[in-house]
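One structure is given below, encoded as C-alpha cells.
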2 protein chains.
Amino acid sequence: MAVTIKDVAKRVGVTPATVSMVINKSTKISDHTRDKVLKAIKEMEYHPNYIGRSLVKGKSNAIAIVAPFFSSMFSMEVLKGVEAAIGNTNYSVMLFSTVGKDANGSESLREILYGKRADGVIVLSLKVQKEVVNEFKKEGIPLISIEEIVENIPVIKVDNIKGAYNAVSYLIQKKRKHIALIVGKQCLDAEERVQGYAKALAENQIKYDATKVFRVKEHSFEEGKAMFEFLMKKRNRFDAVFCAAGDLTAIGIMEEAKARGVKIPEDLAIVGYDDNYIAGFTTPALTTVRQPLYQMGRTAFDLLISVIEKKEPYDNRIVSFEPALISRTSA
Amino acid sequence: MAVTIKDVAKRVGVTPATVSMVINKSTKISDHTRDKVLKAIKEMEYHPNYIGRSLVKGKSNAIAIVAPFFSSMFSMEVLKGVEAAIGNTNYSVMLFSTVGKDANGSESLREILYGKRADGVIVLSLKVQKEVVNEFKKEGIPLISIEEIVENIPVIKVDNIKGAYNAVSYLIQKKRKHIALIVGKQCLDAEERVQGYAKALAENQIKYDATKVFRVKEHSFEEGKAMFEFLMKKRNRFDAVFCAAGDLTAIGIMEEAKARGVKIPEDLAIVGYDDNYIAGFTTPALTTVRQPLYQMGRTAFDLLISVIEKKEPYDNRIVSFEPALISRTSA
DNA sequence: TTGTATGCGTTATCAA
DNA sequence: TTGATAACGCATACAA
C-alpha cells in the first residue's frame, strides 16, 4: 500500500495533524519537528493523496475543459495556451468531449458540476444553456466561455467584426472592388464577419450587395472547390474573395481557380480566415486572418484560476482579442 | 451546498447505506424502496460526489495522458483516438504536459502515481525511466507507452521499418535508384527507418551508401529548404528523396527544389512521413507514409481500461501498427 | 508548539 | 431487506 500521512507520523513519533501542518507550511511548528517530518517524508517517499485532500477541502485542484472535440486546429491552439499557463500551478486539466452527447454540453457540464470533478470549467465553442449556467452559479463553480457568447459569465472571444473589417479593407486597398464573401451558416461568428465586411465596404463607398455573400456548411476543402464553380456561374464578376469560412475552404477555392487558369492574386485575390497551419505552404501562400487562440487559452486559464482563488471577481466581462491580418501572396 | 447521499436518505426515511445500494444497483433492495429512492434522487437532483466515492474505493475513474506537449499533430491525433474510445465509459481524461519539467516525465508521473490522481496512465513519446516503471508496478497502477519502447509494460507503436521499407520500395518501383534518406537525430524511430530504407535497397540489389543518409534536427520547413541546397552541393546525383523526418521537412525540400526549377516528381521524386494535414494540399500533393495514430490512441485507451479492470493481463506486449503509404503526385 | 477529535461523502461489513 | 458503524486520507478547530 501507499504510504500515508499516518505512516509518516508514526515514524517521526508525532500525530498526523502535525505532519499535515508541516505539509501545509504552517508557521507554528518548531524547526526541529519540521525537519524531522520533512526528512521522513523524503525518505518514505510520501506524497499527499489528492483525493483525501480534495474531500476535506471541497476542492479538486482540477479544471475541466469541455469542447465538442479536441482534434481541431482551434481546440489544439487553445489547449496549447492552457498548457503553457498551467506551468507550475498545482492544477491539472481534465478534458471532456461532447461527441456523442448533447450538442450544448449540458450532460458533461452537469456531471462535472455535481460530481465535483473540477473547481472550474472552460467551455469551448459551446452554447451553454442558461439553466446550466445558473446551476453552476448556485454551486459556486466558475465557468468561462471561449468563443461563444454565454450570458452572465466571462467570455473570451475574438473580435470577428474587426477581423473581417481588416481583411476587406486590405483588399480594397489593393484596388479590389468586387469582393465576394464566403461565411458559415448563421452562427454568431459568421454574422459578425458579415458585419465587418459590410463596414469596410461602407467606409469605402462600396455598396453592400447581399448577392455577393455566400454560405458554406462544412467549411471543407471540397466545398471550396465547388464554391469556385458556383462563383463563376454567377453573373457577378469578382476580383477578390474573402473566405471568412476558414482557410481550408479558401484553399479549395484557390486550387480550383488555379486549375482553371485563373491567376492568383492577379485575376483573383483570396483572403482566408484562421491562419491554418497550411496557409503558409500553399502556392501562392495564403493571406489570412489569424486569431490569437493561444493567448485566449492562456487568458482563460489564468482568469479561471484567479476567479477560483477569489483574486478576481466572477463577472460577465467580455475579453475581446484582436485578430491579425497575415499578409502573404494570395492577396 | 450540494445535495449529498445523506440528504436523499433523510428525505426518503432510510439510511445513506440504502441509498448507496440503490445507486450501485444492488439487487437486494425491495422494489418499493428503490422506487422511492430513485424518485428522491431525481427530484433533489442528487449526483454522487466522485471524490467521496474515489476515496473509499481507492479508484479515481480517471486516466492520465502524459506527453511532452499536446500541440503537435502527433498528440492531437492520438488524443482524438482516445476521445473516441472514452465514449460512454465513465472514465475521464487528465492531461499532463512535461514542458518545463524533466524530459522523461518522471516528475509528472510520480505525482500522478503517489497523488492517486489516475487509475492508469498513457505516456506519449516519453522514455520512462526503469525506476519509475517499477514504482508504478509496485503501486499497481498500469502504464502504457505509445511510440517509445519502454521495458516491462505494454507498448503501442508503429512499424517504422515497414513504413520506410514501403516508401523506398515504392520509389524503386518507380525506377528511382539514387535515393537520399533524411531522418532525425538518433532516436529509435529514426534508426528503424534507416533499417527499412536499407532493407528495401538490399532487396533490390542497390548498395546501401551511408553518405546518402542525412540527419536533421528540428524537423522544420526551413531545415528542409536548407537540406535541398545541401543535397545539391553533394557530388551524388539523386533522383529521389525519402524524407523520413516528416512532411514539413519534405515540403521544405520540395519548395526549394521547385524554386530552383527542379521538376517534381520528374527530376526528383519526394516521399514524406506522417501524412500531415498539409500533405494533400501542396503542389504537387505529397506522397507520404501515414501512421494510424488515431487507432493507436483508441487501442491504448481500450487496453488500459481492460487492464485496470483486470479483463486483460498487464504484460509487456508490443502492439505494432502498420503504416500506410499514401500515394499522391510528388512521387 | 503539538495532540485530540471531528468531519468531508461515500461504500462495505456486519448485524438486525 | 435494511440499519448501524467504521473506514478511506486528509485538514482544521480547539484543547492542552
Geometric class of the B/Tyr114/A/His47 ring pair [parallel <30°, tilted 30-60°, perpendicular >60°]: parallel

Short heteroatom pairs, N/O only, protein and nucleotides 3-7 of chain C, under 3.5 Å:
from	atom 1	to	atom 2	distance (Å)
C/dG3	OP2	A/Thr15	N	3.1
C/dG3	OP2	A/Thr15	OG1	3.2
C/dG3	OP2	A/Thr18	OG1	2.4

Candidate nucleotides D/dT12, D/dT2, D/dC10, ranked by approach to the side chain of A/Lys57 - the nearest: D/dT12

What's the CG-C1' distance between A/Asn24 and D/dG9, to the nearest Å? 13 Å

Looking at five pairs on each end of the helix from C/dT1-D/dA16 to C/dA16-D/dT1, what is the angle between the two axes, given to 10 degrees? 40°

With respect to the phosphate group of D/dG9, does any side-chain polar atom (N or O) of A/Arg53 fall under 4.0 Å of OP1 or OP2? no

What does A/Ser54 touch in the nucleic acid at a heavy-atom separation under 4.0 angstrom: a base, only the sugar-phosphate, or nothing? nothing

Please tell me if A/Tyr50 has a side-chain N or O lying less than 4.0 Å from either OP1 or OP2 of D/dC8. no

If the cut-off is 4.0 Å, is A/Ser30 near the phosphate of C/dT2, judged by side-chain N/O to OP1 or OP2? yes

Given C/dT2, is OP1 or OP2 found less than 4.0 Å from the side-chain N or O atoms of A/Thr33? yes

Distance-only donor-acceptor hits, side chain of residues 118-130 of chain A, under 3.5 Å, sequence neighbours excluded:
from	atom 1	to	atom 2	distance (Å)
A/Asp119	OD1	A/Ser60	N	2.7
A/Asp119	OD1	A/Ser60	OG	3.2
A/Asp119	OD2	A/Ser60	N	3.3
A/Asp119	OD2	A/Asn61	N	2.6
A/Ser125	OG	A/Glu147	OE1	2.9
A/Lys127	NZ	A/Glu148	OE2	3.3
A/Gln129	OE1	A/Ser106	OG	2.8

Nearest whole angstrom, please: distance from the P of D/dC10 to the CD1 of A/Ile51. 11 Å

